[in-house]
There are 2 protein chains.
Amino acid sequence: MNIGQAARASGVSAKMIRYYEQIGLIRPADRTDSNYRSFSERDVNDLRFIKRGRSLGFSVEEITNLLSLWRDHTRPSREVKAIADAHVSDLRARIAEMQAMADTLAALSEGCAGDDRPDCPILTDLAAGPAPPAANVGDRAGAIS
Amino acid sequence: MNIGQAARASGVSAKMIRYYEQIGLIRPADRTDSNYRSFSERDVNDLRFIKRGRSLGFSVEEITNLLSLWRDHTRPSREVKAIADAHVSDLRARIAEMQAMADTLAALSEGCAGDDRPDCPILTDLAAGPAPPAANVGDRAGAIS
DNA sequence: CTTGACCTTCCCATGATGGGAAGCCCTATC
DNA sequence: GATAGGGCTTCCCATCATGGGAAGGTCAAG
């Protein structure tokens, strides 16, 4: 199986297959007489494993560990679960962060007319810093610490 | 004001200030006789603007546009709102994607004992592909297409 | 004058991915 | 058997925002 066929069969681009080989995520593929890489079904399975891992957001490094756990049939599931759970926490943390950004920005956009007038709270917020968390609207002691 | 002082005053690292100058996000800072960069209050304000923009997840390119809109007091708020709204959509899309990953992974982890036994649905899922959306548990026709 | 903290530029690395060039190989068609 | 087109090889470069570090100039305090 050529690299192109392996790519189509696994959904991993040929470029990335070479890259994964280069960084040691997969073992160097066999070569034909003419120096073409040659892939077995098993290699393709590994590539699919990698592909699914990536689509779940695992880093290549995490996948390295998962792959070796997968190959070692005596490994304790504890280790796998630990990697997965750490990754879930990580995802959730980043989600929360982005959610906060989106919320802030959506609120600012809400207050922006979006017409021909130049006035826009989005820019004033960027320029002046996050509005001090909604004190009473009538709060006139605008002292900025 | 030195670059170090500007960095402390703005929260942007000296390294990044040089980088922003290099890519043209900010204008080249004035120089002292000894070739040190010299920053004004106004420069620091720009840096703060950038910093806040970054913390809301805007790319440097988006910030370039926002900064020039900010400097142009005749700009229509429409343009600003458009940038912000596009960014919010972008954030939401990425959030949804990561949320799906986290959910999938959390569900798999749920099914993993996390003890000394090797059995773990996380790995089998990675190896075999996403489980076909929950057919009856008793469904025994394990044919894999 | 020395010391230490600061500044300058320049190069390199990250992580995962793609683009593209130069050159070899294979297969099908004429 | 020659030729064309597509696939393979390696190598280099770019992305995006950020940091590390080296080599060397500068400044201020002791």
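Each chain gets a letter, A, B and so on, in the order the sequences are listed, and its residues count up from 1.
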Taking CD1 from Ile3(B) and C1' from dG19(D), how many angstroms apart are they, rounded to a whole number?
-> 14 Å
Is it true that the side chains of Asp103(B) and Gln99(B) contain a donor and an acceptor less than 3.5 Å apart?
-> yes
Length of the line joining Ile63(B):CD1 and dA17(D):C1', which is rounded to integer Å = 11 Å
Separation of atom CZ in Arg94(A) from atom P in dG15(C), rounded to whole Å = 14 Å
Decide salt bridge (Lys or Arg N to Asp or Glu O under 4.0 Å) for Arg94(A) and Asp90(A); before the verdict, give the C-alpha distance in whole Å, the side-chain angles of both, and the deciding distance to 0.1 Å.
-> CA-CA 6 Å; Arg94(A) 285 193 284 154; Asp90(A) 197 66; 3.4 Å; yes
From the list dA16(C), dG19(C), dA17(D), which nucleotide is the closest neighbour of the side chain of Val60(A)?
-> dA16(C)
Salt bridge flag under 4.0 Å for residues Arg117(A) and Asp119(A) = no
Give me the one residue out of Leu126(A), Leu123(A), Leu108(A) that meets side chain to side chain contact (heavy atoms under 4.5 Å, CB included) with Val80(B).
-> Leu123(A)
When the nearest nucleotide of DNA chain D is assigned to Ile23(B) and to Lys15(B) on a heavy-atom basis, which residue is associated with the more 5' position?
-> Ile23(B)
For Glu61(A), does the CD atom sit with more than 12 other heavy atoms under 6.0 Å from it, leaving out its own atoms?
-> no
Send over the distance from Met16(A) CE to dG19(C) P, rounded to a whole Å.
-> 12 Å
Distance check: side-chain N/O of Ser13(B) vs OP1/OP2 of dG19(D), anything under 4.0 Å?
-> yes
If only side-chain N and O atoms of Asn2(A) are considered, is one of them under 4.0 Å from the OP1 or OP2 phosphate oxygen of dG7(D)?
-> no
Considering only side-chain heavy atoms of Tyr19(A), which listed nucleotide, dA16(C), dC8(D), dG21(D), is closest?
-> dA16(C)
Distance in angstrom units between Phe39(B) CZ and dT8(C) P, rounded | 7 Å
So what does Arg37(B) hit on the nucleic acid, given a heavy-atom distance under 4.0 Å: a base, only sugar-phosphate, or nothing?
-> sugar-phosphate
Is it true that Arg27(B) and Asp43(B) have a side-chain N and a carboxylate O under 4.0 angstrom from each other?
-> yes
Euclidean distance, atom CG of residue Leu25(A) to atom C1' of dA16(C) [Å, nearest integer] | 12 Å
When you check every protein heavy atom under 4.0 Å of nucleotides 23-29 of chain C, what one-letter string (B, S, -) results, 5' to 3'?
-> --BS---
Of Arg54(B) and Arg18(A), whose nearest nucleotide on DNA chain D comes first from the 5' end?
-> Arg18(A)
Rounded to the nearest 0.5 Å, how far does OG of Ser10(A) lie from CE of Met16(A)?
-> 11.0 Å
Take the protein atom OH of Tyr20(B) and the nucleotide atom P of dA17(D), then report the distance between them rounded to whole Å.
-> 8 Å
Mapping Arg31(B) and Arg8(B) onto DNA chain C by nearest heavy atom, which one lands closer to the 5' end?
-> Arg8(B)
In whole angstroms, the gap separating P of dA16(C) from CD1 of Ile26(A) amounts to 14 Å
